[in-house]
Amino acid sequence: MTLEADVQIKELAREIIAGAGMPYTPEQLAEIPSILAAKSRYFWCIDNQEFDIMLDCFVEEGFQTFWSGRPGNKDRNKQVEQNRRTCGFDMVPMHFGYNQIVRFTGPDSVQLLTKMHDYHTYKDNGDTYSGYGLYVDDLVKCADGRWRIKTLRLTYRVLDGKLRQQ
């Protein structure tokens, strides 16, 4: 099934595509690997079902999510529990993030545009659920020097199969 992207997320993506890296400063270039690693940690935590580690992917204060434009969790603990329910131990999840673009919004803040494909296989019968979409995340560099996700936004464009409700 194909879906229209959320208008606000699509507009943020457009702004990032139009304005990112024109050009990056040497300081920004030095930060980009750590920024990309922050998003990769999130995907690895879901896929390896490392929910204890996932908590550290998000900021402690001011965290929020948006799913296809609808507000979601405003608490990182609740987000981790949601991920545990939707990508828990009854399936093998796989998430792929690619074609990432970083837009610096301040010295310690960025927006990260990521194309995404997720593929879930249920262990009991091999049914699959797959989706293609895009993330536009806000990340901040925390006092310990680590980049963490402050705002997580996802909009799907294509869905195949059904995600089971837990």
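Only this structure's heavy atoms are used, side chains among them; waters, hydrogens and symmetry mates stay out.
- Using a 4.5 Å heavy-atom threshold, the side chains of Thr105 and Arg103 count as touching.
- The CG atom of Asn83 sits 6.5 Å away from atom CZ of Phe51, with the distance rounded to the nearest 0.5 Å.
- Closest approach of Phe63 to Ile149, counting heavy atoms only: CD1-O, 3.7 Å.
- Residues Tyr119 and Leu3 do not share a hydrophobic cluster, clusters being chains of Ile/Leu/Val/Met/Phe/Trp/Tyr side chains in contact below 4.5 Å.
- In terms of modelled atom types and a separation under 3.5 Å, the side chain of Glu31 and the main chain of Gln28 share no donor-acceptor contact.
- Within the 4.5 Å cutoff, side-chain heavy atoms of His117 are placed close to those of Ser130.
- Between Leu159 and Gly131 the shortest heavy-atom distance is CD2-CA, 4.0 Å.
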Start with the C-alpha gap between Leu12 and Gln111, add the side-chain angles, then the distance that decides, and say whether side-chain contact (heavy atoms from CB on, under 4.5 Å) holds. CA-CA 9 Å; Leu12 282 172; Gln111 286 189 318; 3.8 Å; yes

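- By the neighbour-count criterion of 12 heavy atoms within 6.0 Å, atom CZ of Phe66 is densely surrounded, having more than that number from other residues, nucleotides or ligands.
- Hydrophobic clustering, with ILVMFWY side chains joined whenever heavy atoms are under 4.5 angstrom apart, keeps Phe89 apart from Ile53.
- Remark: the backbone N or O of Met91 is paired with a side-chain donor or acceptor of Gln49 at under 3.5 angstrom.
- The side-chain heavy atoms of Pro33 and Ile35, taken from C-beta on, include no pair separated by under 4.5 Å.
- Of all heavy-atom pairs between Asp75 and Asn77, the closest is OD1-N, 2.8 Å.
- In this structure, the side chains of Cys142 and Val59 come closer than 4.5 Å at one or more pairs of heavy atoms.
- A distance-only check finds a donor-acceptor pair linking the side chain of Tyr24 to the backbone of Val102 [under 3.5 Å].
- Applying the salt bridge (Lys or Arg N to Asp or Glu O under 4.0 Å) definition to pairs two or more places apart or across chains, those involving residues 105-131 are Asp124-Arg164.
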Verdict with reasoning, Leu112 to Val136, per side-chain contact (heavy atoms from CB on, under 4.5 Å): CA-CA 6 Å; Leu112 177 62; Val136 177; over 6 Å; no

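- Residue Asp6 comes nearest to Thr155 through the heavy atom pair N-OG1, 3.0 Å, listed as atom of the first residue, atom of the second, then distance.
- Smallest separation of non-hydrogen atoms from Trp147 and Ala38: O-CB, 3.4 Å.
- For Ile101 against Ile17, the heavy-atom pair with the smallest separation is CD1-CG1, 4.1 Å.
- With hydrophobic clusters built from ILVMFWY side chains whose heavy atoms lie under 4.5 angstrom apart, Val7 does not share a cluster with Leu113.
- Salt bridge annotation for Asp56-Arg146: present, with a cationic side-chain nitrogen under 4.0 angstrom from a carboxylate oxygen.
- For the atom pair CG (Leu154) and OG (Ser68), the distance works out to 6.0 Å, reported to the nearest 0.5 Å.
- Taking the six-membered ring where the residue is Trp, Tyr42 and Tyr135 present perpendicular rings, their angle passing 60° and hence far from 30°.
- Salt bridge status for Glu81 with Lys78: absent, with no side-chain N to carboxylate O gap under 4.0 Å.
- Annotation: the span from Ile16 atom CD1 to Asp137 atom CG amounts to 9.0 Å, rounded to 0.5 Å.
- Following chains of ILVMFWY side-chain contacts shorter than 4.5 Å, one can reach Leu139 starting from Leu29, so the two form part of one hydrophobic cluster.
- Rounding to the nearest 0.5 Å gives a distance of 14.5 Å between CZ of Phe96 and OG1 of Thr114.
- Between Val80 and Arg85, the closest side-chain pair of non-hydrogen atoms is not below 4.5 Å.
- Remark: Ile32 CD1 to Phe104 CZ distance equals 5.0 Å, nearest 0.5 Å.
- Side-chain N or O atoms of Thr65 include one that pairs as donor or acceptor with a backbone N or O of Asn73 at under 3.5 Å.
- No chain of hydrophobic side-chain contacts below 4.5 Å, direct or via other Ile, Leu, Val, Met, Phe, Trp or Tyr residues, connects Tyr98 to Tyr156.
- Aromatic ring orientation, His95 versus His120: tilted (interplanar angle from 30° to 60°).
- With contacts defined as side-chain heavy-atom distances shorter than 4.5 Å, the pair Glu11/Glu15 qualifies.
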Passes side-chain contact (heavy atoms from CB on, under 4.5 Å), Gln79 versus Phe58? Steps please. CA-CA 9 Å; Gln79 182 57 42; Phe58 307 128; 4.0 Å; yes

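- No side-chain heavy atom of Met116 sits less than 4.5 Å from a side-chain heavy atom of Leu134.
- Note that OH of Tyr122 is 8.0 Å distant from OH of Tyr129, once rounded to the nearest 0.5 Å.
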Dump the intermediate steps for side-chain contact (heavy atoms from CB on, under 4.5 Å) on Met94 and Phe43, then the final yes or no. CA-CA 8 Å; Met94 296 179 68; Phe43 287 139; over 6 Å; no

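- Within a 6.0 Å radius of CD in Glu60, other residues, nucleotides and ligands contribute 12 heavy atoms or fewer.
- Atom CH2 of Trp67 has more than 12 heavy atoms from other residues, nucleotides or ligands within 6.0 Å.
- The list of salt bridge (Lys or Arg N to Asp or Glu O under 4.0 Å) pairs with a residue in residues 151-162, not counting sequence neighbours, reads Asp138-Arg153.
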